[in-house]
Amino acid sequence: MERKWEAKLKQIEERASHYEREPLSLVYKPRLSKPEEPPSIWKLFHRQTEAFNFVKSCKEDVHIFALEYKVGDGQRIYLVTTYVQLWFYYKSRRNLLHCYEVIPENAVCKLYFDLEFNRLANPGADGKKMVALLIEHVCKALQQFYRVSCSAEDVLNLDSSTNEKFSRHLIFQLHDVAFKDNIHVGNFVRKILEPAFHLIASEDDDMTPETMGHEFSHFSETPIKQGISFSKKSTDKDIGESWTTNSKKLERLGSAKQSSPDLSFLIVKNNIGEKHLFVDLGVYTRNRNFRLYKSSKIGKYVPLEVAEDNKFYPVQLKTISKENQYFLSALVSNVRFSDTLRILTCDISQNKQKRVEYFNHTSTSVETIEGFQCSPYPEIDQFVLLLVNKNGIKGGIRRWSYFFPEELLVYDICKYRWCENIGRAHKSNNIMILVDLKNEVWYQKCHDPICKAENFKSDCFPLPAEVRLLFLLKEEEEFTADETRNPHEPSSSASSKGTLSDADWDNGIDDAYILEATEDAELAEAAEDSLLSYNGIDEIPDELIIEVLEEY
DNA sequence: CAGCGCTACCACACCCC
DNA sequence: GGTGTGGTAGCG
C-alpha cells in the first residue's frame with residue numbers, strides 16, 4: 001500500500017517534469033508499419049518506472065536491462081527489449097559491455113547467489129571448495145524443504161574473480177521449479193544460512209556458552225518449519241493440484257532436530273577483519289540489478305565467465321548456440337515455461353519478524369526480556385487475551401516479561417481483574433496470567449496485597465492444544481506453493497489456505513468462526529495459523545479445540 | 001536535467017529512574 | 001541510559 005503510493009507519487013512527478021521538458025507536439029505524425037517485419041523493440045529510458053510502464057503497454061515478451069554508462073557514480077539507463085534482440089546486439093561484445101538484468105519485483109525467478117570474499121583478508125580460503133560445499137548445503141535444503149532434487153550439475157557457476165577478490169554468481173537451473181519472486185529467494189537463503197549467523201554472532205563476543213544456550217535455545221534449536229507443500233500447474237484440470245506432506249512432517253521434525261549443519265566454511269573476513277558471510281545477502285531486493293553473463297562492472301574489465309569448476313552444461317540445440325544458452329541460463333528471471341511448473345514460496349511470518357525485532361534488542365538482563373502488548377509468542381498472547389475477555393469485560397495485556405531459565409511468560413493484565421482467590425474481581429488491583437512453557441500450563445496470580453501476602457497462586461490449567469503444538473511445531477516461516485496458472489501474475493494474496501486440501505478443511509473445525517471472532521487482523525492471522533498447524537497433524541485432539549472455543 | 005532500493009548509522013527528542 | 005524516530009551516507 002505504502003509502496004504503491006510512493007510509486008504513484010514518483011510517477012506523477014516524473015510525468016510532470018517530462019512534459020515540462022518536452023511539451024506535447026501539436027502536429028500528429030502518422031507512421032507506417034509493415035506487419036510482416038518482426039517487431040523491433042529497443043527502447044531506452046532514463047527512469048526505471050518509465051521502462052516498467054512501457055513494458056506494461058507491450059504485448060511482446062520484453063524485459064528490462066540496466067546499462068551502466070558513467071564511470072564512478074553507478075548511473076544507469078534502462079533498456080527494454082526481448083532476449084533474442086538483446087543477444088543479437090550483445091553477443092559480439094563490442095558494445096553493451098556493462099549490462100544488468102533487472103529482476104522485476106513480483107516476477108517468478110530462479111534461485112541465485114552472489115558470492116565473494118577478499119583474498120588478502122582470507123588467506124587459505126579455498127573458494128572452489130566453499131562453492132562446492134555451499135551448493136551441497138543448498139541442494140540438501142531444497143530437498144528437505146520442498147522435496148526438490150538437484151545437484152551441482154544444475155548450477156550455472158559464473159566467475160568474476162580478480163587477484164584481490166574471489167567473486168562468483170550461481171544460478172540454479174531447477175527443472176520445472178522456480179521461486180515466486182526474489183524476495184522469497186532471499187527469505188529462503190537467509191533461512192537455510194541461519195546456523196551461520198549464529199556462528200558470526202557467537203564466535204567473537206565474550207559471551208559464555210551458558211548464556212548463549214539461553215539466548216538461542218528457543219529459536220535456533222526450535223524444529224524448523226514443517227509445513228511444506230507444493231501445487232502443480234495443471235493444464236488438463238484448471239485447478240492446481242495441491243497437497244500437504246502431513247504424514248512426513250513429524251518424520252522431518254525428527255531429522256530437523258539433529259544438530260544443525262556445519263556452515264563455518266561460509267564465514268569470511270572483510271578487509272577490516274570483520275566476520276561476514278561468503279554469501280552476499282544484499283542481492284535479494286526489489287528490482288535488483290544482476291550482471292549479465294559476459295558483462296563487467298563499468299571501470300573494470302572483469303566480465304562474468306563460466307567458471308573452471310562449473311558443472312552445468314546446457315543441452316545442445318541446433319537453433320541456439322552454446323554461448324546463447326549460457327546467456328539465457330544466467331538470466332535470473334528467465335524461467336522456462338512449463339505446464340508442470342511448481343512455484344516455491346518462503347514467507348517470513350509476522351511472528352518471526354516480531355521475534356527478530358525483539359531479540360535483536362540487547363536487553364539489560366540476559367535472563368529476562370519484557371515488552372508491552374505483544375510478546376514474541378503471539379499465539380500465547382492471543383490465548384491470554386481469550387482468557388481476559390469474558391463476561392463483557394475487555395481485558396488487555398498491559399505488559400509481558402519472559403524469564404529464560406524458568407521459561408515463564410508473565411502477563412500483567414489490565415481492565416480484567418477477576419481473581420480466583422476471592423471469587424470476584426478486585427476493585428483496584430490488577431491480576432497476572434503466568435504461562436509456564438516448560439510444563440505447558442497457565443495459572444493466575446495478582447497484585448493485590450492480601451493475595452500476595454498469602455502467596456496465592458491459582459490451580460494450573462493445561463495450555464490449549466494449539467499453543468502447545470505451535471510451540472512444538474512452530475512454523476517459523478511458511479513454505480508453501482502457489483497455484484501456477486499464471487506465474488507472471490502475482491497471486492492476489494498467497495493465502496495459506498491455498499495449501500489446504502478439501503479434506504483438511506472438512507475436519508470439523510469452524511475456521512470461519514475463529515476468523516470472525518478475532519477482530520484484530522493480526523490476531524485473526526495467528527488464529528488461522530494455529531488451525532493450519534492442526535491440519536498438519538494426523539490426529540487432532542478435538543476436545544481441546546472445543547475447549548478453547550468455548551472459553552471464547 | 002535525469003538511477004534504485006535498501007540498511008546501518010547518527011542525531012535528536014522524549015521518558016523514566 | 002533506554003527507547004523511538006526521522007534523516008541520510010553509502011553500499012550492492
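Everything numeric in this text was worked out from a predicted model, so none of it was measured. Letters A, B, ... mirror the listed sequences (proteins, then strands); counts begin at 1.
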Novice: Roughly how far apart, to the nearest Å, are C/dC11 and B/dC1 at atom C1'?
Specialist: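 Their C1' atoms lie roughly 26 Å apart.
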Novice: Return one dot-bracket line describing DNA chain C 5' to 3' (Watson-Crick or G-U wobble pairs, both distances under 3.5 Å; ( ) same strand, [ ] crossing, | another strand, . none).
Specialist: ||||||||||||
Novice: Taking the side chain of A/Asn289 as its heavy atoms from C-beta onward, which of C/dG12, B/dG3, B/dC4 lies nearest to it?
Specialist: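 The closest nucleotide is B/dG3.
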Novice: Counting only side-chain nitrogens and oxygens, does A/Asn287 get under 4.0 Å of the OP1 or OP2 atom of B/dG5?
Specialist: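 Yes, such a contact exists.
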Novice: Ring centres of A/Phe188 and A/Phe179 under 6.0 Å apart?
Specialist: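 Centroid separation for A/Phe188 and A/Phe179: below 6.0 Å.
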Novice: Taking the side chain of A/Arg76 as its heavy atoms from C-beta onward, which of C/dG12, B/dG3, B/dA2 lies nearest to it?
Specialist: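 Side chain of A/Arg76 sits closest to B/dG3.
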Novice: Just checking A/Gln48: base, sugar-phosphate only, or nothing, at a heavy-atom cut-off of under 4.0 Å?
Specialist: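 Result for A/Gln48 = sugar-phosphate.
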Novice: Within the 3.5 Å criterion, strictly below it, is a donor on A/Tyr90 or A/Ser295 matched to an acceptor on the partner's side chain?
Specialist: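 The answer is yes; a qualifying pair exists.
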Novice: Do the side chains of A/Glu308 and A/Lys128 get close enough for a salt bridge, i.e. N-O under 4.0 angstrom?
Specialist: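 Yes, A/Glu308 and A/Lys128 are salt-bridged.
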Novice: What integer distance in Å separates A/Phe45:CZ from B/dC1:C1'?
Specialist: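 About 18 Å, once rounded to whole Å.
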Novice: To the nearest Å, how far apart are A/His169 NE2 and C/dG12 C1'?
Specialist: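 Computing the A/His169:NE2 to C/dG12:C1' distance gives 10 Å.
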Novice: In this structure, how many angstroms lie between the P atom of B/dC6 and the CD1 atom of A/Ile103, rounded?
Specialist: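 About 13 Å, once rounded to whole Å.
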Novice: Please give, in whole Å, the distance from C/dG12 C1' to A/Asp114 CG?
Specialist: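 Computing the A/Asp114:CG to C/dG12:C1' distance gives 8 Å.
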Novice: In whole Å, I'd like the distance from the CZ atom of A/Phe290 to the C1' atom of B/dC4.
Specialist: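 So the two atoms are 16 Å apart, to the nearest Å.
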Novice: In terms of relative ring orientation, are A/Phe166 and A/Phe117 parallel, tilted or perpendicular, with 30° and 60° separating the classes?
Specialist: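 Answer is parallel, since the angle falls under 30°.
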Novice: Whole angstroms only, please: what is the NZ-P distance between A/Lys297 and C/dG12?
Specialist: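 Result: 8 Å.
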Novice: Which whole-number value in Å describes the distance from A/Arg291 CZ to B/dC4 P?
Specialist: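 So the CZ-P distance, A/Arg291 to B/dC4, works out to 21 Å.
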Novice: Do NZ/NE/NH1/NH2 and the carboxylate oxygens of A/Arg288 and A/Asp181 come within less than 4.0 Å?
Specialist: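 Not counted as a salt bridge, because no side-chain N and carboxylate O are separated by less than 4.0 Å.
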Novice: If the threshold is 4.0 Å, N to carboxylate O, is there a salt bridge linking A/Glu116 and A/Arg168?
Specialist: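 No, A/Glu116 and A/Arg168 are not salt-bridged.
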Novice: Does atom OH (A/Tyr301) have a neighbourhood of more than 12 heavy atoms from anything else shown, all under 6.0 Å?
Specialist: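 12 or below, so no.
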Novice: A/Glu105 CD to B/dC4 C1': how many Å, rounded?
Specialist: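 After rounding, the gap between these two atoms is 11 Å.
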Novice: Checking all strands, does A/Arg286 fall into the base, sugar-phosphate, or nothing category for heavy-atom contacts under 4.0 angstrom?
Specialist: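 The answer is sugar-phosphate, as A/Arg286 gets under 4.0 Å only of primed atoms, P, OP1 or OP2.
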Novice: Have a look at A/Gly282 and say if it touches a base, only the backbone sugar-phosphate, or nothing, with a 4.0 Å heavy-atom cut-off.
Specialist: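 It contacts nothing in the nucleic acid.
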